[in-house]
Each structure stands twice: as C-alpha cells, then as structure tokens.
Amino acid sequence: MRIDVLSIFPSYFDGLTLSLLGRARNSGILELNVRDLRDWTHDRHRTVDDTPYGGGAGMVMKPEPWGEALDEVAASTMSSGTARPTIIFPSPAGEVFTQATARDLSTRDHLVFGCGRYEGIDERVFEYAASLGEVRLISLGDYVLNGGEVATMAMIEAIGRLIPGVVGNPESLVEESHEDGLLEYPSYTKPSTWRDRSVPDVLLSGNHAAIAAWRREQQLERTRRRRPDLLPDEDAL
Ligand code: ADE
C-alpha cells in the first residue's frame with residue numbers, strides 16, 4: 001500500500017519510523033510519503049491560510065496549495081496504473097472512524113491524508129478532490145483536536161496493522177477488541193500470583209473449552225459494563 005500525507009507539520013509523523021509500521025516501511029510492504037503542504041506555495045511567506053469569507057473567528061486554509069498538492073500525489077498514482085486514490089480528510093465533522101473503517105481502508109492501494117489546521121479547509125478543495133479519487137471526511141471521535149495530524153497518525157496505525165505482513169502473527173489480530181464487535185477478554189502472564197492477586201483458576205486448568213467459554217463470558221460482561229452501545233439490543237439488557 002502507498003500512503004501520502006499532506007501536512008504543514010510533517011515532523012509529527014516521525015514516530016511512524018518506529019515499531020511495526022517502521023519495519024513495514026523498510027520491508028516495502030508500506031510506502032509512506034509525508035509531504036509539507038507549504039512546498040506547494042509560491043509566496044515568500046509560504047502562506048497556507050487566509051481570513052474567512054463572511055467573517056468569523058480564525059483562519060481558513062487556502063485552496064491553491066491543496067489543489068497543486070493533490071494534483072501531484074494523485075497524478076503519480078494514475079501514471080502508475082493503479083486505481084484512483086482514496087483521499088481522506090480528518091475532520092470532527094466527518095463519519096466516525098471504527099475498526100470496520102480501518103478494515104475497509106486497509107484494502108486500498110493508495111491513501112492520501114490531507115491534514116487540515118486552523119478553522120478548516122476551503123470547502124471547494126473537497127469538491128475538487130472528488131474529481132481525483134474517492135473523498136472521505138473521517139472523525140476520530142466527538143471531540144476537537146488542533147488539526148488532522150494526530151487523527152491521521154491514529155488512522156495510519158489502525159489501518160497499517162491490518163495490511164497482510166505488518167503484524168507478525170495474524171492470529172493476534174483476530175482476538176482483539178472490536179474485531180468481533182466485543183471488547184477483548186482480560187489477559188494474564190506469569191507469575192500466577194502477584195501481590196496477593198491470583199490468575200483465574202480456569203486459565204491454569206488446561207481445559208481449552210472451559211477457557212474459551214470463560215473468555216467469551218468475560219468479553220460479554222465487559223462489553224455490557226463498559227460499552228453497552230456495542231451490544232445488539234437483546235444482549236444489552
Ligand atoms: N481534526 C480536529 N478534530 C478532529 C477529530 N475529532 N477527528 C479527526 N480530525 C480532527
């Protein structure tokens with residue numbers, strides 16, 4: 001998969017050289033290019049924002065640098081003969097990002113993340129981007145961040161680890177929170193007693209069916225308690 005990130009703070013993404021995603025980049029499974037949006041400005045101050053038409057607080061990102069940047073990254077996909085890119089703009093006004101979104105996006109050949117700052121991006125940029133690829137406005141959740149960078153990092157990590165070969169043991173992807181619609185069961189390791197707290201007996205029993213049943217019950221109980229919104233109606237009671 002190829003991912004291009006457009007941001008006025010490219011160094012936010014330095015952390016993506018670490019750990020599993022860093023290894024995926026080194027091995028060629030993931031091509032990640034982080035580009036400075038200001039490289040597509042043409043004035044001495046490398047201006048990317050201006051005051052909003054109609055008045056109001058804050059600044060709005062100008063369309064011109066975005067247009068040129070999107071043209072360049074989209075054109076490189078088109079010339080390489082792969083499908084049109086999926087262009088994602090992190091936004092608190094977008095659809096909410098879930099594990100299902102991550103799974104869907106992990107199957108794409110080329111993702112472009114456009115990180116907005118200030119009060120947002122000129123609306124015409126989203127319309128124009130739709131002529132280059134599929135546009136998605138995606139929110140990390142119902143709270144406001146200072147810009148799209150942190151949301152993009154979170155999405156790249158959630159998507160990237162679903163690309164085959166990124167996580168060494170694919171089985172570890174199956175038994176996680178949200179993969180089967182429930183929160184994951186509690187985990188324990190040695191020692192079996194620590195500070196007067198014992199590991200549940202069933203996990204030491206060697207009885208695989210009993211362990212599986214216990215884990216399932218724990219998943220349901222945790223989900224009921226912490227995230228009842230995830231359960232189908234009849235289980236939520
Ligand atoms: N930018 C600002 N807030 C955001 C959020 N909650 N999700 C995605 N991008 C954002």
Side-chain angles (χ1 to χ4, degrees), residues 1-16 18 21 30 32-41 46-67 69-70 73-74 85-108 110-130 132-163 176-178 183 226-227 229-230:
M1 178 191 283
R2 172 174 158 193
I3 300 179
D4 289 291
V5 178
L6 302 170
S7 164
I8 58 167
F9 293 117
S11 48
Y12 257 100
F13 298 91
D14 290 352
L16 295 178
L18 304 172
L21 289 187
L30 176 64
L32 177 62
N33 310 304
V34 182
R35 309 287 303 271
D36 188 341
L37 183 71
R38 293 190 200 275
D39 289 349
W40 287 277
T41 58
R46 310 182 83 202
T47 310
V48 291
D49 62 330
D50 208 334
T51 52
Y53 276 121
M59 300 290 269
V60 175
M61 294 190 100
K62 293 162 64 62
E64 299 96 323
W66 281 108
L70 290 168
V73 295
T86 302
I87 305 171
I88 299 159
F89 293 98
S91 164
E95 57 175 303
V96 175
F97 186 75
T98 66
Q99 190 66 18
T101 323
R103 236 178 282 126
D104 169 20
L105 295 174
S106 72
T107 64
R108 312 292 171 108
H110 184 195
L111 303 179
V112 178
F113 286 89
C115 301
R117 282 264 147 185
Y118 313 111
E119 294 309 308
I121 303 174
D122 187 304
E123 189 68 22
R124 292 167 292 182
V125 171
F126 308 120
E127 295 162 19
Y128 177 70
L132 302 173
E134 182 194 344
V135 172
R136 305 271 291 264
L137 268 67
I138 303 185
S139 172
L140 221 51
D142 292 337
Y143 44 83
V144 180
L145 305 167
N146 284 334
E149 282 77 8
V150 168
T152 294
M153 295 263 284
M155 287 191 263
I156 290 176
E157 184 152 315
I159 295 164
R161 61 197 298 284
L162 298 177
I163 301 170
E176 293 180 319
S177 289
H178 303 296
L183 302 185
R226 297 180 188 165
R227 293 292 306 278
D229 57 299
L230 295 177

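Atoms within each ligand, like the ligands themselves, are counted from 1 in listed order.
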Neighbouring residues of ligand 1, heavy-atom cut-off under 4.0 Å:
P90, S91, P92, I138, S139, L140, G141, Y143, V144, L145, G147, A151
Gap separating the CZ atom of F13 from the CZ atom of F113, nearest 0.5 angstrom
9.0 Å
Heavy-atom pair with the smallest gap, counting every atom of L105 and M1:
O-CE, 3.4 Å
Mind listing the closest non-hydrogen atom pair of H178 and R227 along with its distance?
CE1-NH1, 4.2 Å
By side-chain contact (heavy atoms from CB on, under 4.5 Å), A69 pairs with (sequence neighbours left out) L6, L37, W40
Sequence neighbours excluded, the answer for side-chain contact (heavy atoms from CB on, under 4.5 Å) partners of E127 is E123, R124
Going by the rule side-chain hydrogen bond (donor to acceptor under 3.5 Å, both in side chains), which residues pair with S7 if we only count those two or more places apart in sequence or in a different chain?
E149
